[in-house]
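Note that the numbering runs from 1 along the sequence shown for the chain. Hydrogens, waters and symmetry mates play no part in the numbers below; they use all other heavy atoms, side chains included.
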Amino acid sequence: MNLAVLRSMLESVAAQQDPKWRLRPDEDLLRVPVGNRHQDIGFSIDREHVVLSTVVVASPDVARNRRSKDLLTVRCWMRNAESNIVTFTFDEDDNLISRVRHLAEHLDSNELELYVHALSEESDRFEYVLSLKDVN
């Protein structure tokens, strides 16, 4: 699978959802509404995996102090223990992100839809619990 095929699958999934689901033509982002808020889900291909991800807490908020990052790390471990689909981690820019990785050759539209829903809902819920506001 390549990025063009993944984009086409996401376009198909988005067309079957709420009309507010928007695939940005100039970026590899899908905007998914979650209640009054939204999640901007990035998508990419990493070797043989499809990767979906979104920022839960931006790096300036993560970097406020070391104790806060340590507490976030523990909260991530706890969340990761509860989910078989979504993983919470820190990226190279120190953003707290959520991510779904799946083998590209075995991904179909139904699974992709499930992963987008799970990622957007679990990310929004965790973001809300951590910040009591929408950071996007």
Please name all residues satisfying side chain to side chain contact (heavy atoms under 4.5 Å, CB included) with Thr73, sequence neighbours left out, ordered by chain then number.
Lys69, Trp77, Phe90
Nearest non-hydrogen partners of Val5 and Asn2, listed with the distance:
N-OD1, 2.9 Å
For Ile85 and Ala118 the tightest heavy-atom approach is CG2-CB, 4.2 Å
Leu114 and Val32: same hydrophobic cluster, using ILVMFWY side-chain contacts below 4.5 Å?
yes
Looking at CD1 of Ile97 and OG of Ser123, how far apart are the two atoms once the value is rounded to the nearest 0.5 Å?
9.5 Å
Looking at OG of Ser53 and CG of Asp91, how far apart are the two atoms once the value is rounded to the nearest 0.5 Å?
8.0 Å
For atom CG of Asn84, is the number of surrounding heavy atoms from other residues, nucleotides or ligands below 6.0 Å larger than 12?
no
Between Pro33 and Trp21, the two heavy atoms sitting closest are CD-CD1, 3.3 Å
Test your reading of the model: is there a side-chain donor-acceptor pair from Asn80 to the backbone of Thr87, 3.5 Å cut-off?
no
Please state whether the rings of Phe126 and Phe88 are parallel, tilted or perpendicular, taking 30° and 60° as the class boundaries.
perpendicular
Within this structure, what is the NE2-CG distance for the pair His38 and Asp124, rounded to the nearest 0.5 Å?
10.0 Å
Worked verdict on Leu119 versus Ile41 for side chain to side chain contact (heavy atoms under 4.5 Å, CB included):
CA-CA 8 Å; Leu119 183 65; Ile41 298 177; 3.7 Å; yes
What distance do Ser109 atom OG and Leu10 atom CG have between them, rounded to the nearest 0.5 Å?
9.0 Å
For atom CZ of Arg47, is the number of surrounding heavy atoms from other residues, nucleotides or ligands below 6.0 Å larger than 12?
no
Have Glu121 and Gln39 got a donor and an acceptor in their side chains that come within less than 3.5 Å?
no
Please examine the side chains of Arg99 and Leu52, heavy atoms only from C-beta on, and report whether any two atoms are closer than 4.5 Å.
no
Quick check: closest heavy atoms across Ser83 and Glu122, and the distance to 0.1 Å?
OG-OE1, 3.4 Å
A side-chain contact here means heavy atoms from C-beta on lying under 4.5 Å apart; do Val100 and Val50 qualify?
no
Side-chain contact test, heavy atoms from C-beta onward, threshold under 4.5 Å: evaluate it for Leu23 versus Leu29 and give yes or no.
no
dist Leu96:CG -> Leu130:CG (nearest 0.5 Å) comes out at 6.5 Å
Sub-4.5 Å side-chain heavy-atom contact between Arg31 and Arg24:
yes
Option passing side-chain contact (heavy atoms from CB on, under 4.5 Å) with Arg79 (candidates Val56, Val86, Val129):
Val129
Does the side chain of Asp28 reach to within under 4.5 Å of the side chain of Ser44, using non-hydrogen atoms?
no
Partner set under side chain to side chain contact (heavy atoms under 4.5 Å, CB included) for Asn110, not counting sequence neighbours:
Asp108
Assigning hydrophobic clusters by single linkage (Ile, Leu, Val, Met, Phe, Trp, Tyr; side-chain heavy-atom cutoff under 4.5 Å), is Tyr128 placed with Val34?
no
Are Val51 and Leu112 joined in one hydrophobic group, where the rule is that I, L, V, M, F, W and Y side chains link up if heavy atoms are under 4.5 Å apart?
no
Do Leu107 and Leu3 land in one hydrophobic cluster if side-chain heavy atoms of ILVMFWY residues count as linked below 4.5 Å?
yes
Do Leu30 and Val116 have side chains that get closer than 4.5 Å, going by heavy atoms?
yes
Could you give the distance from CD (Glu48) to CZ (Arg101), rounded to the nearest 0.5 Å?
7.5 Å
Cut-off 3.5 Å, side chains only: do Glu111 and His106 have a donor facing an acceptor?
no
